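Because the structure is predicted, anything quoted here is derived from the model rather than measured. Whatever order the structure lists ligands and atoms in, that order sets their numbers, starting from 1. Throughout, residue positions are numbered sequentially from 1 according to the sequence presented.
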Amino acid sequence: MESSATNRQTIAENTMAAIEQSYFLRELELRREHLLSASRANTADPSLNALLASVDAALARLEHGTFGLCETCHDPIEADRLLCNPMLRFCLDHLSGDEQRALERDLTLAARIQRALLPPADWSAAGWQARYHYQPAGLVSGDYCDLIESGDAFLFLLGDVAGKGVAASMLMSHLHATFRSLAGQQLSLQRLVELANQLFCDSTTAGQYATLVVGRAWPNGKVEYVSAGHLPLLHVSAAGVCAREATGVPLGMFCGASFSVCELTLAPNDMLFLYTDGLTEIFNPSGDEYGMQRVESLAKRHFASPPEELLTACLAEMNSFSGGVKQKDDLTLLALRRVN
Ligand SMILES: [Zn+2]
């Protein structure tokens, strides 16, 4: 006998499947109408007929229950790709040679654009020095890292968009543009994050959100920050490591969310260390997770090192912990040091 929990799960899955089915049906019918009216106006264009045939074929797959399945392996096609193009017939592993080469060209270009969004590698501002390490799991990353000077202070931002690959990298560049345009407007940190959250909510769908630390630092060591659901921010000093937990929910989850601002003061040579779960969630060959405690102890051992040495030590330790196994998640590390 099925339990009521299993029944509820089946009902929920059926409801989701029906919603997806009607979404794709609507999308395909819309494309069909546009193609028909275009071909009435332009009967000489044979490409319109080819497109119409591909829409009709997708509608037939929807009717026969094979829509969204790869025609080679019969596994589901990647959801983010299908949402962008409901006419897809093959999963990423089974593209034709031409399609694969075109995709690789697009991704290489996207990766180059994304790299250009990063701050300078040897960044410094009055009284501060920053170094970061940005490493996508694939060609493009859903991690976000930026440093923006504003007046006598500067903003530091480090975040992680849910998911990975192309969809996450597009949201990452959206976050980048949002904060870059809001940064020049003399807003309080709280207002800045609340506005960014509203803008992010307006342009994402359910399940798309980002965890993020946004901070502002001054030459005298004063720092204020908001942590929107992100992993603890570490304040590293001679006295030890203090882990500052998240102060609010991730960006993009609730449109009206408010975010409280926390403050701290860094003495000369103190450091802030920020990272994404590409660090904490690596595993060793026996299945143990790297975890927060190891991050804290690493930071503690390197409290007197320059930022680049902390990053180098961190990467070396990750490599020896994981036994050199290729990482599955995007990784970003950011070390900020008050120099004087
Ligand atoms: Zn396939």
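For an aromatic pair to be called close, the ring centres must be under 6.0 Å apart, and Trp123 with Phe156 fails this. A distance of 6.0 Å or more separates the ring centres of Tyr290 and Phe283.
The two residues Leu266 and His235 come nearest to each other via the heavy atoms CG-NE2, 3.7 Å.
Residues Cys262 and Glu224 fail the side-chain proximity criterion, which asks for heavy atoms closer than 4.5 Å.
Every residue was checked against the ring pair (Phe, Tyr, Trp, His ring centres under 6.0 Å) condition with Phe90, not counting sequence neighbours, and none meets it.
Screening the protein for N, O or S atoms under 2.8 Å from the Zn ion (ligand 1) yields 4; no waters enter the count.
No continuous path of hydrophobic side-chain contacts links Phe273 to Leu212 [ILVMFWY only; heavy atoms under 4.5 Å].
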